[in-house]
Novice: 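Quick one: the structure is below, and I'll ask about it shortly.
Note that the structure is a prediction, hence the values are computed from the model and not measured. Chain letters run A, B, ... following the sequence lines, proteins first and then strands; every chain starts at 1.
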There are 2 protein chains.
Amino acid sequence: MSLMRIGEKPEIARLPLFRDMDDAMRERVLSGSFLQVFPPQLTLFERGQQADFLHVLVDGLVELYVSGTGRDTTMKIVEPVTSFILAAVMTDLPYLMSARTLTSSRVLLVPAALMREVIRKDTALMQATMHELALGYRDMVRALTDMKLRQSAERLANHLLEFSAQRGNAWDFELSGEKRVLASLLGMTPENLSRAFGTLKEHGVNISGARVRIEDRAALAAFARPDPLPADR
Amino acid sequence: MSLMRIGEKPEIARLPLFRDMDDAMRERVLSGSFLQVFPPQLTLFERGQQADFLHVLVDGLVELYVSGTGRDTTMKIVEPVTSFILAAVMTDLPYLMSARTLTSSRVLLVPAALMREVIRKDTALMQATMHELALGYRDMVRALTDMKLRQSAERLANHLLEFSAQRGNAWDFELSGEKRVLASLLGMTPENLSRAFGTLKEHGVNISGARVRIEDRAALAAFARPDPLPADR
DNA sequence: GAACCATTTTGATCTTGGTCAAACGGACAG
DNA sequence: CTGTCCGTTTGACCAAGATCAAAATGGTTC
């Protein structure tokens, strides 16, 4: 039944979520799952559906979003290798977010029932799940405070600093995905994102196309006033 | 060492978090904890501090908030009987939110180290913690989408509907706490909250002081366009 | 290299919500 | 009963961001 190629296993086994669990149990989970390739712009699941699978993005780029009345909003951009929608799977409640691929992506699909069954038996997996959910909660707390008490250019500035930090404090990098998606993630319109980049030009950031160059990190940080608490992961 | 009075135990033992755990273990947790009474407007802990205690509000009203640059924002109003800041305790990371009492409150303080120790041993507690964190995550997802794609009067309308639902669809109730706090929770200024209440007058809501009367639930719902997905708890 | 397409940017204008100031009102002390 | 204090409401104004329209940019195909 497993459509999973051997080559992927080490990467997945190294995930915080699966890292500490019993080897036999992990084998059981992985052999009950399947790896699928999806084209770009494909909807993986919709908000409101029963949570049938835990998803692990192995390769590509996935957007988690919510379509409200009229407009949509991007909640998270998932980069490999990361699991997503753990909370819905765990609680056996409907998905709160929809997911679509942004680029062609490979996704490991772990049947939710299997996941829940193994969690009950494997304490290490349960602990890892708990930890993962706690970190996810904290991410959301940060995102919400960001939205509530920062304005748009400041949010962009912080996002750039964080993004840079994620790639070893690179001062020169490419934005992944389209700007419209970034705008939605940051809670603004594409037009406004453009203007926000304009504002940041005067605070040490140079942009051309998708290429961002942080010319003056101190100036950018002074404008962004980043959270003094370090990121959790 | 236990300052806990016998009278509180049944209520606390009935909490989803502690309900299913081993009786002896629960006894161990509760006897290692203490119940304290705090006056109104007292800071229980500050964002950035080490998470020393899991808190359980037994009686009173507590505000979780974040003080950013200049302004504050309310993240949650905790009503009894509820545990709070589970994620920080679980991960042994600093608090992301500060907490203050709004009214005189009784709080059970469970030492974080004790909590973490017992979680490791008691699978039922671990499972309950996991579940609680998942629900907390989902709460935050909802709050963030609310902030990102609804405008202020709409957020108020939804809050009123939810608040009403929490008390058995009462159409007539009192707001708990001050309006300034409600405004901050909903991500607006007190002035704007006033105007939002004004807007809702034309949509079936009557207000005088802290007393809210929903005269026309259908009209309010039409304006609020509430989430079709039911609340998780 | 030219034409075409989608995305991004720019500009003008409008809406929402924030700010500041003043009036109002209810709770409480004297 | 009356004055004081604090939270709330109202009003006038301002600023941030959304919307709408049009121009520019960049990549792709023929």
Novice: Rounded to whole angstrom units, what separation is found between the CZ atom of Arg211(A) and the P atom of dG26(D)?
Specialist: 14 Å
Novice: Checking the side chain of Thr103(B) only, and the main-chain atoms of Gly60(B) only, is there a donor and an acceptor separated by less than 3.5 Å?
Specialist: no
Novice: Between dA18(D), dA16(D), dT19(C), which one does the side chain of Arg195(A) approach most closely?
Specialist: dA18(D)
Novice: State, with a plain yes or no, whether a side-chain heavy atom of Thr43(B) is found less than 4.5 Å away from one of Tyr65(B).
Specialist: yes
Novice: Starting at CZ of Arg150(A) and ending at C1' of dG17(D), how long is that distance when rounded to a whole Å?
Specialist: 18 Å
Novice: Base, sugar-phosphate, or nothing: which does Thr189(A) touch, judged by heavy atoms less than 4.0 Å apart?
Specialist: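 Base contact.
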Novice: Distance check needed: dA15(D) P versus Glu154(A) CD, whole Å only.
Specialist: 18 Å
Novice: Nearest-Å distance, CG (Leu102(A)) to P (dT7(C))?
Specialist: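 Rounded to the whole Å, the gap is 12 Å.
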Novice: Rounding to an integer number of Å, can you tell me how far Arg155(A) CZ sits from dA16(D) P?
Specialist: 13 Å
Novice: Counting heavy atoms from C-beta on, name the nucleotide in dG18(C), dT9(C), dT7(C) closest to the side chain of Asn192(B).
Specialist: dG18(C)
Novice: Where the side chain of Glu178(A) is concerned, which of dA21(D), dG17(D), dT7(C) is the nearest nucleotide?
Specialist: dT7(C)
Novice: Can you tell me the distance, in whole Å, between the CG atom of Leu149(A) and the P atom of dG17(D)?
Specialist: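 Leu149(A) atom CG is separated from dG17(D) atom P by 13 Å.
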Novice: Side chain of Arg180(B) only, please: which of dG18(C), dG17(D), dG7(D) is the nearest?
Specialist: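 The listed nucleotide nearest to Arg180(B)'s side chain is dG7(D).
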Novice: Among dG17(C), dT7(C), dT10(C), which nucleotide has an atom closest to any side-chain atom of Ser194(A)?
Specialist: dT10(C)
Novice: Return the nearest nucleotide to the side chain of Arg71(B); candidates are dG7(D), dT8(C), dT19(C).
Specialist: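 Per side-chain heavy atoms of Arg71(B), the pick is dT19(C).
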Novice: How close or far is atom C1' of dG18(C) from atom CD of Gln151(B), stated in whole angstroms?
Specialist: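 It is 15 Å, rounded to the nearest whole Å.
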Novice: Flag yes if more than 12 heavy atoms outside Lys76(B) fall under 6.0 Å of its NZ atom; otherwise flag no.
Specialist: no
Novice: Mind checking whether Leu185(A) and His159(A) have side chains closer than 4.5 Å, heavy atoms only?
Specialist: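 Yes; the side chains approach each other to less than 4.5 Å.
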Novice: Quick one: sort the Phe173(B) and Phe163(B) rings into parallel, tilted or perpendicular, breaks at 30° and 60°.
Specialist: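 Ring orientation of Phe173(B) relative to Phe163(B): tilted.
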Novice: Between Leu193(B) (CG) and dG7(D) (P), how many Å, whole number?
Specialist: 15 Å
Novice: Name the closest nucleotide to the Met188(B) side chain, picking from dT9(C), dT7(C), dG18(C).
Specialist: dG18(C)
Novice: If you only use heavy atoms from C-beta on, which nucleotide in dG18(C), dT19(D), dT9(D) is closest to the side chain of Glu191(B)?
Specialist: dT9(D)
